[in-house]
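So the structure is just underneath, and the comments pick up after that.
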Amino acid sequence: MTANETSILVPDAKGLGLAAKIWGNGGLVAFPTETVYGLGADARNDMAVAAIYAAKGRPSFNPLIVHVADVAMVETYCDMTDVAHQLAAAFWPGALTLVLPLRVDAGISGLVTAGLATLAVRVPDHPIAQNLLAEFGGPVAAPSANPSGRISPTSAAHVIAGLSGRIDAIVDGGTCGVGVESTIVDCSGAMPLVLRAGGISTEALEACLGATLATPSDPATPSAPGQLLSHYAPQGSVRLNARHFDPHETGLGFGAVDAPFNLSPTGDVVEAAANLFAMLHKLDAMGATHIAVSPVPDHGLGRAINDRLKRAAAPRD
Ligand code: TXA
Ligand code: MG
């Protein structure tokens with residue numbers, strides 16, 4: 001199915017029924033999750049998954065996260081390790097993606113895993129996503145619903161601005177509560193490894209497991225294959241750790257600073273995560289050419305925020 005007009009669906013029984021039917025026919029539907037909007041397709045359908053890459057203009061070496069309604073369904077596609085069971089019990093449904101050994105008979109498209117022997121899976125904690133995945137009853141591959149390299153969408157309006165005319169439908173579910181993507185933990189090896197900081201803090205994961213987790217330190221050598229250095233980029237340039245804002249700059253503040261936009265005037269990293277992408281979208285919409293961002297503390301969700309800001313500020317090709 002190739003889209004040229006994108007329908008906006010209301011998240012009632014009729015709208016969700018229609019969305020599930022579009023997935024069943026190999027189409028693309030964007031839907032809200034608690035982290036960001038996802039661009040979903042049937043993960044078993046090669047043509048449908050290829051259409052995701054085409055709509056986003058995404059490099060095809062980048063594997064996708066599969067979304068399912070519950071843990072029982074995860075176990076039909078993956079082997080759950082002990083650590084995975086522990087993390088799933090504590091954080092699913094929620095903003096956590098687990099990388100697990102893929103079962104050979106899983107039937108997941110090789111385009112989803114980019115040929116890897118592992119699968120990234122998540123049970124999202126958003127009532128609309130939950131109902132939609134239950135209605136569809138199958139695995140849904142869904143990257144964030146933005147053109148490749150651009151800012152992730154936290155509202156249906158962001159999705160429309162980036163992908164209208166390129167996808168079949170959007171389920172409008174308002175604003176995403178968490179605002180940054182899920183944390184990715186690789187549970188396929190001997191030791192769990194945090195591949196991407198995200199909506200569940202490393203501190204919370206470590207408290208659950210009673211152990212310190214390893215994190216890949218160099219963003220230039222990503223171990224989540226999709227962690228490209230330049231990403232989440234607004235149109236304007238981005239300067240980080242700004243203690244002051246120059247006259248030609250538009251300030252994106254954090255804490256008690258005077259700036260036209262402020263991620264969290266009270267210095268709350270959770271609030272800042274929820275505001276991050278929406279404010280970057282607003283800076284784009286107003287045509288800001290030089291964006292300067294206050295320092296954000298590197299703990300809790302601050303780690304995910306700093307990861308995204310570093311990529312937004314990275315040199316672009
Ligand atoms: O919150 C989220 O995770 C959102 C919502 C829609 O669920 N999704 C999302 O997907 O951020 P995406 O495609 O933008 O990011 C997927 C990340 C990439 O960095 C990719 O490299 C990594 O997951 N990934 C996928 N499969 C993997 C695997 N088998 N091993 C390691 N990393 C994997
Ligand atoms: Mg993304």
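One-based numbering, in listed order, for ligands and for the atoms of each. Hydrogens, waters and symmetry mates play no part in the numbers below; they use all other heavy atoms, side chains included.
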Within ligand 1, which atoms have a heavy atom of Leu116 less than 4.0 Å away? 28 (C), 29 (N), 30 (N)
Record the part of Ile184 in heavy-atom contact with ligand 1 below 4.0 Å; permitted values are side chain, backbone, both and neither. side chain
Going from CG on Asp105 to OG1 on Thr76, what distance comes out if it is rounded to the nearest 0.5 angstrom? 9.0 Å
Interatomic distance, OG@Ser294 vs CG@Leu263, rounded to 0.5 Å, equals 8.0 Å
Under-2.8 Å protein N/O/S neighbours of the Mg ion (ligand 2), ordered by chain then residue number: Ser144 OG
Answer yes or no: is there a donor N or O on one side and an acceptor on the other, between the side chain of Asp186 and the main chain of Leu193, under 3.5 Å? no
What atoms of ligand 1 come within less than 4.0 Å of a heavy atom belonging to Asn62? 18 (C), 20 (C), 21 (O)
Hey, looking at atom 14 (O) of ligand 1, which of Ala142, Pro124, Ser144 has the closest heavy atom? Ser144
Salt bridge or not between Arg303 and Asp307? Use side-chain N to carboxylate O under 4.0 Å. no
Side chain or backbone of Thr35 under 4.0 Å from ligand 1, or both, or neither, by non-hydrogen atoms? side chain
List the atom pairs, donor and acceptor, that lie under 3.5 Å between side-chain atoms in residues 35-49 and the rest of the protein, sequence neighbours left out.
from	atom 1	to	atom 2	distance (Å)
Thr35	OG1	Thr33	OG1	2.9
Thr35	OG1	Arg122	NH2	3.2
Tyr37	OH	Gly173	N	3.0
Tyr37	OH	Gly174	N	3.2
Tyr37	OH	Gly174	O	2.7
Asp42	OD1	Arg44	N	2.9
Asp42	OD1	Arg44	NE	3.0
Asp42	OD2	Arg44	NH2	3.2
Asn45	OD1	Met47	N	3.0
Asn45	OD1	Ala48	N	3.0
Asp46	OD1	Ser109	OG	2.5

Please state which part of Leu195 comes within less than 4.0 Å of ligand 1, counting heavy atoms only: side chain, backbone, both or neither. side chain
Would you say Thr33 and ligand 1 have an N/O pair spaced under 3.5 Å apart? no
Would you call Glu181-Arg308 a salt bridge at under 4.0 Å N-O? yes
Do the ring planes of His281 and His158 sit parallel (below 30°), tilted (30 to 60°) or perpendicular (above 60°)? parallel
Numbered in order shown, the ligand 1 atoms found under 4.0 Å of a heavy atom of Gly38 are 6 (C)
Within a distance under 4.0 Å of any heavy atom of His67, pick out the atoms of ligand 1 and give their elements. 5 (C), 6 (C), 7 (O)
More than 12 heavy atoms of other residues, nucleotides or ligands under 6.0 Å from CG of Asp246: yes or no? yes
Indicate, with yes or no, if Val296 and Leu301 share a hydrophobic cluster defined by side-chain heavy-atom contacts under 4.5 Å among Ile, Leu, Val, Met, Phe, Trp and Tyr. no
When you measure from atom 13 (O) of ligand 1 to each heavy atom in Arg122, Glu181, Glu34, Arg58, which option holds the nearest one? Arg58
Carboxylate-amine/guanidinium proximity below 4.0 Å for Glu249 and Arg239: yes
Are there over 12 heavy-atom neighbours, none belonging to Asp12, within less than 6.0 Å of that residue's CG? yes
If you measure from atom 26 (N) of ligand 1 to every heavy atom of Ala120, Ala114, Pro32, which option wins on shortest distance? Ala120
